[in-house]
Amino acid sequence: MKNFQGVDHAGIGVGNMDVALDFWSEKLGFTEMFFDYTGIVPGLEEITKKKEVRARIVMLGNRFTTRLGPGKVKLVQRLDGDGAPPYPAGIGYGEVGLAEVCLHTFQTEKIFRDLVDNKGCKSLMEPLSASVGEHQIDLDIAYIADPWMGKVEMIDWKGLWTSRPAAPRIEGVNHVAFGVHDMKTTTDFYKQLGFTDQIFESKEFFDPMAPWYQVGRALPGHHMTLWLSGQGAGIEPVRLTPLWEDCRGEWGHVGPMDFGIGVQNINKAVAELQKLGIEMHSEIQTLDVGVSEFKYVYFKDPDDQYVSIVETSY
């Protein structure tokens, strides 16, 4: 579907916006500010079961964005109730809910070492290299934690883009990963929204993730797939065996918590989703974010993830 343009942004809950901006802007290079909004966030009544949600939302992009790192980050600090909800208890990787935000990086190990050794970021996984998928695509990956222990993956898809005369850099969001109940149901669903290019599929447990799971819990089986669209960032559905806890948490919880799919025309996109029998959580919402309008509506995917379509004019 040409109207759907891949993942526009990854939504990340934060406990303190100043701390979050230091991490994402100063340390990770997301210095392009598209908007900084504080106020009521409409259209969440059905999702949050609250009549009114108030938050500060900052949308950031990376000035080095590329085809493999096209996505933005949306930082959300809840200002209502008790503030930012906590990170979901028990989350490791692959439980139902958003598992991580993955950034595309050039020279992953150099970036990782600078962030961990010089800038005080916490390591969650040391850099390693692998070849994945039917075509044995080469990659380098590493993980760091955000200030609230949310998982931030850094990946260099060397096998997809092998020659660049550039210094080490972070380029933007490559994909978001989220746990699902049924892999085929989820992938069939998102194929309807343009995620049709499968980069890899793995049904083996990824050993470096073992420390993320609770002590005393048997390590689960991993079924992971990565899908890209013609534009925007990709999605990485994950199915654990056996299934574990529902770790979607409350909208706005600290760490990765939602994502938005870009569309050219939100009215046409809603009509297309409705033809597919996909339920909207509200009418189309429009935020006046100062320099432009931010239009969005959350819809229901097979696992009730917090996922929206967004039309932007910035």
Side-chain angles (χ1 to χ4, degrees), residues 7 9-17 19-20 23-24 41 44-50 53 55-57 73-103 121-122 124-125 143-153 173 175-183 186 205-206 208-224 235-260 281 298-308:
V7 172
H9 67 262
I12 302 157
V14 305
N16 179 291
M17 191 60 75
V19 173
F23 178 79
W24 286 98
V41 186
L44 297 173
E45 293 83 1
E46 189 173 295
I47 291 174
T48 62
K49 311 304 180 189
K50 296 180 182 293
V53 174
R56 181 180 176 189
I57 302 176
V73 293
K74 178 185 72 179
L75 307 180
V76 177
Q77 182 181 0
R78 288 282 294 268
L79 302 175
D80 56 336
D82 296 325
Y87 201 50
I91 192 168
Y93 176 88
E95 295 84 355
V96 174
L98 212 64
E100 70 182 27
V101 173
C102 177
L103 311 179
C121 295
K122 180 176 176 56
L124 292 180
M125 184 188 296
Y143 278 83
I144 60 171
D146 75 7
W148 296 273
M149 292 303 293
K151 296 178 178 64
V152 180
E153 181 183 12
V173 174
H175 67 262
V176 293
F178 50 93
V180 304
H181 286 94
D182 184 89
M183 182 63 74
T186 295
F205 182 80
F206 189 42
M209 292 181 178
W212 298 352
Y213 294 95
Q214 294 171 329
V215 175
R217 170 184 174 182
L219 293 177
H222 277 171
H223 182 188
M224 297 181 285
I235 58 171
E236 186 177 68
V238 185
R239 209 291 187 179
L240 297 186
T241 304
L243 285 172
W244 196 244
E245 300 176 41
D246 183 340
C247 289
R248 287 174 298 161
E250 185 179 345
W251 186 90
H253 71 71
V254 294
M257 60 90 188
D258 82 355
F259 63 97
H281 282 300
Y298 283 80
F299 62 90
K300 188 171 184 177
D301 88 341
D303 297 283
D304 274 345
Q305 308 283 359
Y306 303 134
V307 55
S308 62

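Side chains included, hydrogens not; waters and symmetry mates left out as well; all remaining heavy atoms used. The first residue of the sequence shown is numbered 1, and numbering continues consecutively from there.
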Would you give me the side-chain donor-acceptor pairs under 3.5 Å for residues 208-216, sequence neighbours excluded?
residue : atom : partner : partner atom : Å
Trp212  : NE1  : Leu124  : O            : 3.3
Tyr213  : OH   : Tyr93   : O            : 2.6
Tyr213  : OH   : His222  : NE2          : 2.8

**Arg239 side chain vs Met224 backbone, donor-acceptor pair below 3.5 Å** = no

**Asked** Can you name the nearest heavy-atom pair linking Ala10 to Val101, along with the distance?
**Response** CB-CG2, 3.6 Å

**Prompt:** Is there a side-chain contact (heavy atoms from CB on, under 4.5 Å) between Met149 and Lys122 once you walk through the steps?
**Reply:** CA-CA 8 Å; Met149 292 303 293; Lys122 180 176 176 56; 3.6 Å; yes

**Donor-acceptor pair, side chain of Arg78 and main chain of Trp251, under 3.5 angstrom** = yes

**Item:** Asp246: which of Asp303, Asp304, Ile91, Val96 passes side chain to side chain contact (heavy atoms under 4.5 Å, CB included)
**Value:** Val96

**Complete:** Between the NZ atom in Lys50 and the CD atom in Glu45, the distance rounded to the nearest 0.5 Å is 12.0 Å

**Asked** Hey, what do you get for NZ (Lys49) to CG (Leu44), rounding to the nearest 0.5 Å?
**Response** 11.5 Å

**Fill in**
Rounding to 0.5 Å, atoms CG (Asp258) and CD1 (Ile47) come to a distance of 8.5 Å

**Request:** Apply the test side-chain contact (heavy atoms from CB on, under 4.5 Å) to residues Phe259 and Ile235: give CA-CA distance (whole Å), side-chain angles for both, the deciding distance (0.1 Å), then the verdict.
**Result:** CA-CA 10 Å; Phe259 63 97; Ile235 58 171; 4.3 Å; yes

**Request:** Take Val173 and His9 through the test side-chain contact (heavy atoms from CB on, under 4.5 Å) and record every step on the way to the result.
**Result:** CA-CA 7 Å; Val173 174; His9 67 262; over 6 Å; no

**Message:** Using modelled atom types and a 3.5 Å cut-off, is there a donor and acceptor pairing between side-chain atoms of Arg56 and backbone atoms of Met17?
**Reply:** no

**Fill in**
For Asp146 and Gly255 the tightest heavy-atom approach is OD2-CA, 3.9 Å

**Item:** Check: Glu250 side chain, Pro86 main-chain N or O, donor-acceptor pair, under 3.5 Å
**Value:** no

**Message:** Would the distance check show the side chain of Tyr306 and the main-chain N or O of Gly249 forming a donor-acceptor pair, the cut-off being under 3.5 Å?
**Reply:** yes

**Distance-minimising heavy-atom pair for Gly15 and Ala84** = CA-CB, 3.9 Å

**Complete:** Tightest non-hydrogen contact, residues Thr48 and Val53, listed as OG1-CG2, 3.5 Å

**Request:** Let me see the working for Thr186 and Asp301 under side-chain contact (heavy atoms from CB on, under 4.5 Å), right down to the final yes or no.
**Result:** CA-CA 8 Å; Thr186 295; Asp301 88 341; 5.6 Å; no

**Item:** Cationic N near anionic O, under 4.0 Å, Arg217 to Glu95
**Value:** yes

**Message:** When you measure from the side chain of Glu236 to the backbone of Val176, do you find a donor-acceptor pair of N or O atoms at a distance under 3.5 Å?
**Reply:** no

**Item:** Spatial distance of atom CZ (Phe299) from atom CD (Gln305) [nearest 0.5 Å]
**Value:** 10.5 Å

**Message:** Within the structure provided, determine whether His223 and Thr241 are in side-chain contact (heavy-atom separation under 4.5 Å).
**Reply:** no

**Request:** Would you indicate whether the side-chain heavy atoms of Phe23 and Val14 approach each other to under 4.5 Å?
**Result:** no

**Asked** About how many Å separate CG of Leu103 and OH of Tyr143, when rounded to the nearest 0.5 Å?
**Response** 10.5 Å

**Prompt:** Can you name the nearest heavy-atom pair linking Pro220 to Phe205, along with the distance?
**Reply:** O-CD1, 3.0 Å

**Prompt:** Hey, are the side chains of Trp148 and Asn16 touching, using non-hydrogen atoms and a 4.5 Å cut-off?
**Reply:** yes

**Heavy-atom side-chain proximity of Pro88 to Arg248 below 4.5 angstrom** = no

**Request:** Could you pull out the closest heavy-atom pair between Gly90 and Cys247, with the gap in Å?
**Result:** C-SG, 4.2 Å

**Request:** Taking atom types as modelled, find out whether Glu100 and His175 have a side-chain donor-acceptor pair closer than 3.5 angstrom.
**Result:** yes

**Message:** For the CG atom of Leu219 and the CZ atom of Phe206, what is their distance to the nearest 0.5 Å?
**Reply:** 13.5 Å

